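Report on the following structure.
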4 protein chains.
Amino acid sequence: MSPLNEEQQLQIRDERREQIMSAALKVFARRGIIGTKMSMIAAEAEISHGLLYHYFTSKEELFTTLVEKAMLASDEAMQMVYKLPGSPIDKIRALTQDMMDEGGTDYFLLIHQARTSDGVPEKVVELMERYSMDNYVKQLRALFREGQEAGELAEGDLDEMIASYLSVLSGLMVLNVQKIGGYQLPKVDVLLRMITP
Amino acid sequence: MSPLNEEQQLQIRDERREQIMSAALKVFARRGIIGTKMSMIAAEAEISHGLLYHYFTSKEELFTTLVEKAMLASDEAMQMVYKLPGSPIDKIRALTQDMMDEGGTDYFLLIHQARTSDGVPEKVVELMERYSMDNYVKQLRALFREGQEAGELAEGDLDEMIASYLSVLSGLMVLNVQKIGGYQLPKVDVLLRMITP
Amino acid sequence: MSPLNEEQQLQIRDERREQIMSAALKVFARRGIIGTKMSMIAAEAEISHGLLYHYFTSKEELFTTLVEKAMLASDEAMQMVYKLPGSPIDKIRALTQDMMDEGGTDYFLLIHQARTSDGVPEKVVELMERYSMDNYVKQLRALFREGQEAGELAEGDLDEMIASYLSVLSGLMVLNVQKIGGYQLPKVDVLLRMITP
Amino acid sequence: MSPLNEEQQLQIRDERREQIMSAALKVFARRGIIGTKMSMIAAEAEISHGLLYHYFTSKEELFTTLVEKAMLASDEAMQMVYKLPGSPIDKIRALTQDMMDEGGTDYFLLIHQARTSDGVPEKVVELMERYSMDNYVKQLRALFREGQEAGELAEGDLDEMIASYLSVLSGLMVLNVQKIGGYQLPKVDVLLRMITP
DNA sequence: GATGAATGAGCCTTCATTCAT
DNA sequence: CATGAATGAAGGCTCATTCAT
């Protein structure tokens, strides 16, 4: 009866899930959970809104799933920096550049939405508590220490420097959400001056 | 014959209006126009939701009124910088400090909301178009030029420097919306390094 | 202490009541009970809306009071016809003319509203049941019989003739509520043709 | 892949639209736009109130749509009279009979509501201005002239006669809104006496 | 008595979610 | 699996009514 074998079924299912999550990420990242309507996600994914509920039981679940994925992805991205070529400052420059670029920003924005918006599911709130900015700080500590030791970075409290710098980058990413408004993205070298001697 | 004299009536009305606007500012600044329920404003102002409509005809009108007020206030704040004592860099430092502080941030956040959210009244959209970031740049140009001439500021394109710096400050103000999340506000001197030689 | 003696107090009270009832009649007659806001009545009476509640406990009570008064008044008007000079047809002509005129129509319209609108208080519904069109028919029967006997009126069932004629007049009164719409009020003699030989 | 073919979908949509419009016509005709609650229409159509908004964006749009349809329908009805058999007076008699009958009265009442109520959408007001009673007069002029020339109608100003007659019929239709109240619908021949020699 | 600020029930409308097909 | 019709909880707003002054 079934025209497709089980494996194919599963593959289709997975593809659909990806398609929906990708669409949802785009919308949630820009508009937050409250500002996002399920119909917007359906439109972005080019499927009917009814179909969303075959893959996710609710808007909350979809959001939560994305946040979890985003946390993994941002961890990974942060680790990636160590594999980049060049001196510590080169790596930091590359990381900064990445964060200012269009791509990959969405996961970061989603986390920001999760952190600062209302109407966020309880589960996400818990995730956020366990997974604060400190996490990033911890991951970058080795890199920044190395830079400091190499004299490429300014002196001073390491964790504070990292957290401050990440905050600045975060703020810029959030602002840049929408091209409107005439905000100006600073050049990477200008940003780096904050942490270089 | 009148139970309260006219002056008293007017005073009550004015006080209530202020009370409502103050409450609304707080909520709108953090949650945007869509995320804000009239009942939230009523609760914050400790009045019934019905009473809101004695003073403002709609959520839109309330929001618009606040945005107009915010634009005036931020203009004023920007002008104030010239009256501060000290050299140009001192003034910029003071301005930066002000923007990082609690007070007066709400107006700024409100304008950010007005600039980037959906569901913003048509009139506000028009206001925003006429009143872009360029406005602030224009207002600060004389101060920054003076600083550059005094050798207190880095060389380079003036307008770009101002816009970039304001974007960084804006981003930080937006992040700082809620104390949660563990973002770290950079020290003022760290921020100033971006624009000093 | 009291600057007015009791009698004067009472007189003022009565005058205010009249003032309110007159205003309310005007508004209710044209807009029905649902379409009428208490604030409209207050505005028409040139008093504050709060004061209405010193004289009438509710919109319903005000409406009901007026309907009762209207029933008495329309009875009286119907009796008046017998006191007019001239032959039966002259009296009917005068009655018709009166009903087409501006004045005194309001009570009639109010009764129509009470008869046909929703949201009418239970008590009014009961009044209407006890006080149907038949009442008017009964009151005019003698006059019409006289006219028929004098050969001034057409032959045929008396009650049906009266009821039909009154329905036509009622319909015209209702239409004429508002001057807009370009309805044309027929000349009295045209209307009389329906009941003359 | 589609669960229902396109034709079926369209058919359901059309049926529902008709069902809603029919229910709304009934309620609006009797209660006007203010007195009608969307829940009443939903109840009359035996659907949930939410579903109304899948088919019409607002109460206003629903009302306006119906008024437009009513204007077309009443035009058509007025034209139909010329296709009836018999002499002019026969046709007028048939038209009169039709208007007194149950059927099709609702459209007429709706137009009356649109003409005389408050809270009517701006667009409807414009429609009404362009589409006054004169329109009907114009459409019936040829018929009445013919009748006059055949000596079947009374002498006198043609347009006035038509407008007056229509006003009487309109008034009766409005009264007959609800069977309650004991108004008596005059016999057609009685009404015709107003315009016959 | 008189005023108008204040309250809250109720209606219009939106949108997350369900379900027949 | 896929669609979109259908439902109903919840939010914006109005207005009858109350009450402090």
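The model shown is predicted, which means the values in this text are computed figures rather than measured ones. Below, chains carry the letters A, B, ... as their sequence lines are ordered, and counting in each starts from 1.
- Of all the heavy atoms in D:A70 and D:Y107, the pair that sits closest is CB-CD2, 3.3 Å.
- To the nearest angstrom, C1' of F:dT3 lies 17 Å from CD of D:Q11.
- One interatomic measurement links the two molecules: OH of B:Y55 to P of F:dC13, which rounds to 18 Å at whole-angstrom precision.
- Atom-to-atom, CG of B:L52 to C1' of F:dC15 comes out at 15 Å; the value is rounded to the nearest Å.
- For the atom pair A:I33 CD1 and A:L62 CG, the distance stands at 8.5 Å (nearest 0.5 Å).
- For D:E60, there are no side chain to side chain donor-acceptor pair (under 3.5 Å) partners, not counting sequence neighbours.
- Rounded to an integer number of Å, the gap from B:I12 CD1 to E:dA6 P is 7 Å.
- Between B:Q9 and E:dT3, a side-chain N or O to OP1/OP2 separation shorter than 4.0 Å is absent.
- C:M38 places its CE atom 15 Å from the C1' atom of E:dG4, with the value rounded to the nearest Å.
- The distance from atom CD1 of A:I34 to atom P of F:dG11 is 10 Å, rounded to the nearest whole Å.
- Minimum heavy-atom separation, C:F63 to C:P121: CD2-CD, 4.0 Å.
- Of all the heavy atoms in B:F28 and B:L66, the pair that sits closest is CD1-CD1, 3.7 Å.
- Toward the 5' end of DNA chain E, the nearer of the two residues D:T36 and B:I47, judged by each one's closest nucleotide, is B:I47.
- Here the shortest heavy-atom pairing between D:V67 and D:L110 reads N-CD2, 3.6 Å.
- Between B:R13 atom CZ and E:dG4 atom P there is a gap of 10 Å when expressed in whole angstrom units.
- Within a heavy-atom distance below 4.0 Å of DNA chain E, no residue of residues 119-127 of chain C is found.
- In this structure, the separation between CD on C:Q9 and CG on C:D14 is 12.0 Å, given to the nearest 0.5 Å.
- In this structure, the separation between CZ on A:F108 and CD on A:Q113 is 12.0 Å, given to the nearest 0.5 Å.
- Using five terminal pairs a side, the axes of the helix from E:dA2-F:dT21 to E:dT21-F:dA2 at its two ends make an angle of 10°, given in steps of 10 degrees.
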Without placing hydrogens or testing angles, list every side-chain donor-acceptor pair under 3.5 Å for residues 15-23 of chain C, not counting sequence neighbours.
| from | atom 1 | to | atom 2 | distance (Å) |
| --- | --- | --- | --- | --- |
| C:E15 | OE2 | C:Q11 | NE2 | 3.2 |
| C:R16 | NH1 | C:Q19 | OE1 | 2.8 |
| C:R17 | NH1 | C:Y55 | O | 3.2 |
| C:E18 | OE1 | C:K69 | NZ | 3.3 |
| C:Q19 | NE2 | C:A45 | O | 2.9 |

Between the protein and nucleotides 8-10 of chain E, which nitrogen or oxygen pairs are less than 3.5 angstrom apart?
| from | atom 1 | to | atom 2 | distance (Å) |
| --- | --- | --- | --- | --- |
| E:dA9 | N6 | B:H49 | NE2 | 3.0 |

Under 3.5 Å, which donor-acceptor pairs link side chains of residues 34-44 of chain A to any protein atom two or more places apart or in another chain?
| from | atom 1 | to | atom 2 | distance (Å) |
| --- | --- | --- | --- | --- |
| A:T36 | OG1 | A:G32 | O | 2.7 |
| A:E44 | OE2 | A:K26 | NZ | 3.2 |

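- Between A:D106 and A:A29 the shortest heavy-atom distance is O-CB, 3.6 Å.
- Considering only residues two or more places apart in sequence or on other chains, B:H112 meets the side-chain contact (heavy atoms from CB on, under 4.5 Å) condition with A:L175, A:Y183, B:T116, B:V174.
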**Asked** Please walk me through it: do D:I111 and D:M128 pass side chain to side chain contact (heavy atoms under 4.5 Å, CB included)?
**Response** CA-CA 8 Å; D:I111 292 180; D:M128 286 298 128; 4.1 Å; yes
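- By the side-chain contact (heavy atoms from CB on, under 4.5 Å) test, C:E129 pairs with C:V125, sequence neighbours left out.
- Partners of D:S48 according to the side chain to side chain donor-acceptor pair (under 3.5 Å) rule, which considers only residues two or more places apart in sequence or in another chain, do not exist here.
- Listed by residue number, C:R16 are the residues of residues 15-22 of chain C with a heavy-atom contact under 4.0 Å to DNA chain E.
- Among the nucleotides E:dT18, E:dA6, F:dA16, the one closest to any side-chain atom of A:Y53 is E:dT18.
- Rounded to whole Å, the distance from CZ on D:R31 to C1' on E:dC11 is 14 Å.
- A heavy-atom distance below 4.0 Å to DNA chain E is reached by none of the residues of residues 57-66 of chain B.
- Partners of D:E122 under the side chain to side chain donor-acceptor pair (under 3.5 Å) rule, at least two apart in sequence or in another chain, do not exist in this structure.
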